[in-house]
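Atoms within each ligand, like the ligands themselves, are counted from 1 in listed order.
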Amino acid sequence: MRSMMRGTEGQWRLIVNHRSGSLEAVLASTRRRNLAISFGILFVLAAGVAMIVVATRRAQRFARLQMEFVAGISHELLTPVAVICSAAENLVDSVVETPQEINHYGAVIEKEGQRLTDMIQQTLVFAAVQSRRKRFDFNLVDIAEVIRNAMESCEPVVREADVDVALQIDLGLSAVMGDQTALTQCVRNLIANAVKYGRDGKWIGINVRKASVKRSDFVEITVADRGRGIPPPDLPHIFEPFYRGREVMESRIHGAGLGLSLVKEIVEDHSGKVSVKSTLSRGSVFTVLLPVASSGGTPQERRT
Ligand code: ADP
């Protein structure tokens with residue numbers, strides 16, 4: 001018996017296992033989990049640092065653009081003031097004698113005065129929009145009327161640049177719920193830019209039609225020119241406040257870099273969208289989409 005017991009000795013082995021596997025496996029999985037958590041925390045920290053760097057860069061860039069804006073706007077304001085002062089001086093000193101010369105000087109003063117007024121107005125609207133002091137006055141708006149008003153206020157610059165304007169407005173457009181003055185300013189800025197940067201093409205096209213995007217109805221306004229176009233590196237930035245294309249600054253084309261940022265601000269406050277397509281030396285097309293007022297119908301129908 002003894003010898004039998006001795007023969008079976010060592011044949012039994014008691015293995016005790018934790019439910020989640022061997023001790024080594026448990027330790028390894030705990031280590032893996034800790035490692036994953038550590039990497040997760042590291043990733044969150046790295047993302048935080050990256051966001052701080054991006055935000056700081058953006059703030060620095062904005063501060064630089066603001067400084068350039070102050071320098072630029074001061075120069076822009078001084079130029080028409082200098083022209084007005086020298087024209088007035090010539091009139092006072094009787095250097096100008098003939099009625100034609102007086103007319104010419106009067107026209108110069110009027111033009112530069114208008115340029116000054118436009119710039120101050122745009123800066124004030126921009127400041128008001130930025131500080132959220134500007135409250136839009138929403139009403140049913142007839143976009144055809146907005147285009148007519150914008151065209152009317154741009155008439156002097158269009159005439160001076162001697163560009164052809166091709167205007168097409170579809171009949172029976174639905175009304176838009178919006179602020180008529182702000183929308184007029186928006187279209188005005190686009191037309192003024194088309195004239196300013198597209199004057200070499202001698203043509204601007206304004207088109208207003210119905211559009212449907214993802215089963216929603218919009219009024220689509222396009223303002224096109226056949227001018228210099230926008231260099232690809234400028235395209236992502238042109239709607240930012242104070243941004244001005246490098247080439248247009250080098251060409252000494254006047255401006256404060258606020259026009260398009262106002263357009264974007266106003267359009268987005270109307271739940272719309274603004275976009276641009278541009279080809280160098282061929283021209284640019286700016287498109288504004290504004291949602292039609294929800295109950296449909298034309299403004300004329302509503303008024304009756
Ligand atoms: P500003 O005209 O005072 O410079 P904007 O905000 O209106 O400011 O325009 C920003 C920039 O976008 C301009 O400096 C110019 O480089 C570019 N841009 C705008 N409209 C046009 C256009 N129709 N054709 C070419 N470039 C344009």
Ring geometry between Phe242 and Phe126 (parallel below 30°, tilted from 30 to 60°, perpendicular above 60°): perpendicular

Parallel, tilted or perpendicular: ring planes of His270 versus Phe136, cut at 30 and 60 degrees: tilted

Test item: side-chain donor near acceptor, Asp118 and Gln114, under 3.5 Å: yes

Under 3.5 Å donor-acceptor, Lys196 side chain and His254 backbone: yes

Every residue of the protein that comes under 4.0 Å of ligand 1, judged on heavy atoms: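 Lining ligand 1: Asn193, Lys196, Tyr197, Asp225, Gly229, Ile230, Ile238, Tyr243, Arg244, Gly245, Val248, Gly255, Ala256, Gly257, Leu258, Gly259, Leu260, Ser284, Phe286.
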
CG on Leu78 to CG on Leu116, rounded to 0.5 Å: 9.5 Å

Neighbour count >12 (heavy atoms, 6.0 Å) for atom CD, Glu155: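 Above 12, so yes.
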
